[in-house]
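For the numbers below, each heavy atom of this structure counts, side chains included, while hydrogens, waters and symmetry mates do not. None of these values were measured; they are calculated from a predicted model.
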Amino acid sequence: MLTEDDLKQLPDCFKTKTYLKGEFLVRPGDRCKNIFFIEKGLVRQFTIDSNDKEHIIHFSPENFLVSDRSSAYFNQPTEFFIEALEDTVVYIMDENFINKASDVSKLFREFNHRALHNNIRVMQKRINHLLTATAEERYLEFVKTYPSLYQRVPQWMIASYLGVTPEGLSRVRKELTRKHPKLR
């Protein structure tokens, strides 16, 4: 995507940072001016409602991007937490990097364009599933989207992501195991 020659034309436009498990990349009220590319590790983006209930928007494992676009591009304070669930290494990019890298590399410009549209596609599909799919269908889509994640995060976080209670998720998993014994 970006060659070493391309990177030489982009001095000081991005940096690498390690976040320890439990550290926050962003908290509500911050101005999230960056896009984080997850090199290694796992983060979650979530909100907390007025009843102190967490709602996980999405998970970002390796090779995923995470940001708050409203904050980054419209200079609004973020409403989200972005937290490292494991020790996580990220590449931190700002809009300046995206613009310069797009000028320097046609491949990067195409990658960024595709990544943005893919993000919109995934979020639209997620909203549709939350509105129309059963808990079982949402769980199966979660496993398909994040094949290794159900082993890396606690069940209560998966339940939060799916919009069900932990008990409801337990029932869904039990029923799926009954229907498909190979899923154990």
**Study point:** Shared hydrophobic cluster for L42 and F24 (ILVMFWY, side-chain gaps under 4.5 Å)
**Key:**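 Linked within one cluster.
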Practice item. Please answer: with hydrophobic residues joined when any side-chain heavy atoms are less than 4.5 Å apart, are V164 and I48 in the same cluster? Key: yes
Review point. Any ion pair linking K21 and E86 (charged N to carboxylate O, less than 4.0 Å)?
Key: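 So E86 does not pair with K21 through a salt bridge.
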Review point. Are the side chains of N119 and L65 in touch, meaning some heavy atoms are under 4.5 Å apart?
Key: no
Point to revise | Any donor-acceptor N/O pair, S160 side chain to E54 backbone, under 3.5 Å | key: yes
Can you list the residues that meet the side-chain hydrogen bond (donor to acceptor under 3.5 Å, both in side chains) rule with [X], with sequence neighbours excluded?
X	answer
E79	none
S67	none
R173	Q155
R109	none

Can you name the salt bridge (charged side-chain N to carboxylate O under 4.0 Å, His left out) partners of [X], sequence neighbours left out?
X	answer
K125	E141
E39	none
R138	none
K174	none

Exercise for review: Would you please name every residue forming a side chain to side chain contact (heavy atoms under 4.5 Å, CB included) with P166, sequence neighbours left out?
Suggested key: W156, A159
Practice item. Report the hydrophobic cluster partners of I92, with the cluster defined as I, L, V, M, F, W, Y residues connected by side-chain heavy atoms closer than 4.5 angstrom, directly or transitively. Key: Y19, L25, V26, F36, I38, V43, V66, I82, V90
Review point. Taking the hydrophobic residues Ile, Leu, Val, Met, Phe, Trp and Tyr, and joining any pair whose side-chain heavy atoms are under 4.5 Å apart, which ones share a cluster with I127?
Key: L131
Practice item. Apply salt bridge (Lys or Arg N to Asp or Glu O under 4.0 Å) to the pair E110 and K106, showing each step before the final yes or no. Key: CA-CA 6 Å; E110 290 170 0; K106 180 182 178 190; 3.7 Å; yes
Exercise for review: Could you name each residue pair satisfying ring pair (Phe, Tyr, Trp, His ring centres under 6.0 Å) that touches residues 115-140, not counting sequence neighbours?
Suggested key: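 Pairs touching residues 115-140 that pass the test: H113-H117.
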Practice item. Anything under 30° is parallel, anything over 60° is perpendicular, the rest tilted; go ahead and classify Y146 against F59. Key: perpendicular
